[in-house]
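Everything below concerns the one structure shown next.
Just follow the structure's listing: the first ligand is 1, and inside any ligand the first atom is 1.
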Amino acid sequence: MHHSVVNQAGLAQSVHSVPHSRIRELAEIAFRMDGVLRLYFGESNQPTPDFIKQAAIKAMDSGYTFYTENAGLLSLREEIAAHYQRLQGVALDPRREIVVTASGVQGLNVAIRCVLDPGDEALVLTPSWPNGASIVAMSSAKAIEIAQPLRGDRYEIDWDALEASVTPRTRLLIYTSPSNPLGWTATELDQDRLLDFSRRHGLWLLADEVYDRLWYETETLGTPVPSILRKATRDDAVMVVHSFSKSYCMTGWRLGYVIARADLAAKATQLNEFIVSHAPSFTQRAGETALREGEAEITAMLHRLKANRDFCIEALAEMPRLTVPRPEGAFYLFPRVENLTDSFEFCRKLLIDTKVGIAPGVAFGLGGEGSIRICYAADKAILEPAMERLHTFLKRS
Ligand SMILES: Cc1ncc(COP(=O)(O)O)c(C=O)c1O
C-alpha cells in the first residue's frame with residue numbers, strides 16, 4: 001500500500017535537553033587532521049601495562065567469556081574490598097556495598113538514575129567533567145551548577161551558593177575530587193562540610209573519586225587522596241564512583257565500580273541488567289590483577305606525571321596572559337587566559353594553526369569559560385612541542 005503521510009516521529013524532549021560534549025566537538029575536528037598533539041582527552045599515550053593485558057588473555061583462555069553477575073564477579077568485588085581496606089583503611093562488604101560497572105561513566109549513570117526522578121534537581125560543583133550534569137539531564141532532572149571560585153591560587157567551595165540553591169526538589173550533590181579539570185582536591189574540612197550539608201538537607205552525596213590515586217601533595221607518591229568514605233558511615237547516603245581508566249591506563253577497557261549504601265548498591269545491581277548487564281568478564285579478571293599487582297606501575301606513573309606537571313607549570317609561567325592555579329591531583333592544568341571570552345574558538349584556532357589539541361574551559365560548565373584545560377599525561381616528547389607552540393600562539397594572539 002502506498003503511504004503519502006510522512007511519519008513525524010521525533011526524539012524525546014529529555015534527550016534534546018542533553019548538551020553535546022564540547023570536548024568531543026573539538027576532538028571531532030582533530031580526528032580529521034594528521035599529526036595533532038592530543039592533550040584534549042583525559043588519558044595518556046601510555047599503553048595498558050603488559051601484566052594486565054596478559055591477565056585478560058589468560059582469563060579468556062580459561063573460560064571467562066560468559067555472562068557474570070550483575071554486580072560483577074564476586075572475586076573482583078572481594079579484591080576491591082581488600083584493596084580499599086589496604087589503601088583507605090575502610091572496611092567494605094563486597095556482597096552488599098560494591099557494584100562493578102562497565103566504566104566510571106556507567107557507574108555515574110546507574111548511581112544517578114537510582115536517586116533522581118523527573119523534575120528533581122542535582123547540585124553539581126563545576127567546572128567539572130560534563131558527563132555528570134549530562135546524565136542528570138538524561139534522567140529528565142535538572143543540574144544546578146555551582147561554580148567553585150578561585151581564591152588566590154586555590155579553588156574553593158562556594159558554601160553560600162550551595163545553601164541558597166537547595167529547593168524542595170534537590171536530591172543530590174555531585175562533586176569530583178581530585179577534580180577534572182581543576183586538579184583541586186577536597187580538604188578534610190571540605191569533606192566534613194559536604195557531609196554535614198548533605199545530611200542536613202537530606203541529599204545523596206556522590207563523590208567522583210576516579211582520580212584518587214593521582215595525588216601529588218603527599219610524602220610518598222602512591223598514597224591515595226583520603227576518601228569521603230573514611231568520614232561517612234556505611235548508613236550515610238553516600239556513593240563513590242571509581243574507575244580503572246586513569247590509575248591503570250585502561251581507558252579503552254571500560255571498567256569501574258560504585259561503592260554505596262547497601263540499598264542503593266542493590267538497586268544499581270538490578271538496573272545494571274537493563275543497561276549493560278555487567279562489565280565484560282575477562283576485563284573484570286584483568287581488573288583483579290591490576291588491583292593486586294599494580295602498585296609499582298602506579299608509583300612509576302606518578303613520578304612521570306608529577307615531573308610532567310611541574311614541567312608544564314614552569315612552561316606556562318613564562319607565557320603571557322595566563323594565570324595557572326596549582327593542581328594537587330588528577331592530570332590536568334586549567335590556566336585562566338586573560339580577556340578570553342570564547343575558549344572554544346581559542347582552542348579551535350590553536351588546533352588549526354598549531355596542531356595542538358586542548359580542551360576549552362566552556363566544556364566544563366559554569367566557571368569554566370575563560371580557561372583552557374591541558375592534560376599533561378602525555379609523554380614529554382608531546383608536551384614539549386605543545387608548550388612551545390602554545391607559547392608562540394599566545395604571543396601572537
Ligand atoms: C571526573 C571523571 N569521572 C569519571 C570519568 C570516567 O572514566 P571512565 O568512564 O573511563 O571510567 C572521567 C574520565 O575522564 C572523569 O574525568
Taking the six-membered ring of Phe344 as reference, does the cationic atom of Arg22 (NZ for Lys, CZ for Arg) lie under 6.0 Å from its centre and within 45° of its axis?
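Yes, a cation-pi geometry holds between Arg22 and Phe344.
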Against the six-membered ring of Phe311, is Lys380 placed for a cation-pi contact (under 6.0 Å from the centre, within 45° of the normal)?
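Verdict for Phe311: a cation-pi partner in Lys380.
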Are Val225 and Leu214 linked, directly or through other ILVMFWY residues, by side chains that come within less than 4.5 angstrom of each other?
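No, Val225 and Leu214 fall in different hydrophobic clusters.
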Starting from [atom], what is the nearest protein heavy atom, named by residue and atom, and what distance separates them?
{"atom": "atom 9 (O) of ligand 1", "value": "Arg254 NH2, 2.8 Å"}
{"atom": "atom 14 (O) of ligand 1", "value": "Lys246 NZ, 2.7 Å"}
{"atom": "atom 10 (O) of ligand 1", "value": "Ser245 OG, 2.6 Å"}
{"atom": "atom 7 (O) of ligand 1", "value": "Ser243 OG, 4.0 Å"}
{"atom": "atom 4 (C) of ligand 1", "value": "Trp129 CZ3, 3.3 Å"}
{"atom": "atom 1 (C) of ligand 1", "value": "Asp208 OD2, 3.3 Å"}

Ion pair check, Glu121 and Arg169, cut-off under 4.0 Å:
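The answer is no: the pair does not qualify as a salt bridge.
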Does the N or O separation between Tyr211 and ligand 1 drop below 3.5 Å for any pair?
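Tyr211 vs ligand 1: N/O contact under 3.5 Å present.
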Would you mind running through ligand 1 and noting each atom that sits below 4.0 Å from a heavy atom of [X]?
{"X": "Gly104", "answer": "8 (P), 9 (O), 11 (O)"}
{"X": "Thr176", "answer": "1 (C)"}
{"X": "Ser103", "answer": "9 (O), 11 (O)"}

Pick whichever of Thr101, Asn180, Thr251 has a heavy atom sitting closest to atom 16 (O) of ligand 1.
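The nearest heavy atom belongs to Asn180.
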Polar side chain donor-acceptor pair, His83 to Gln88, under 3.5 angstrom:
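No, no side-chain donor-acceptor contact under 3.5 Å.
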Against Gln191, only a single residue in Asp196, Leu205, Ile228 fulfils side chain to side chain contact (heavy atoms under 4.5 Å, CB included); can you say which?
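The side chain to side chain contact (heavy atoms under 4.5 Å, CB included) with Gln191 is passed solely by Ile228 among Asp196, Leu205, Ile228.
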Do the side chains of Thr251 and Phe244 get nearer than 4.5 Å, heavy atoms only?
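Not touching, per the 4.5 Å side-chain cut-off.
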Nearest-0.5 Å distance, OG1 of residue Thr289 to CD1 of residue Ile52:
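Result: 8.0 Å between the selected atoms.
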Contact check, Phe41 vs ligand 1, heavy-atom distance below 4.0 Å
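No, that is not the case, since the closest heavy atom of the residue is not under 4.0 Å from the ligand.
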Does ligand 1 have an atom that lies less than 4.0 angstrom from a heavy atom of Gly42?
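Distance cut 4.0 Å: Gly42 fails for ligand 1.
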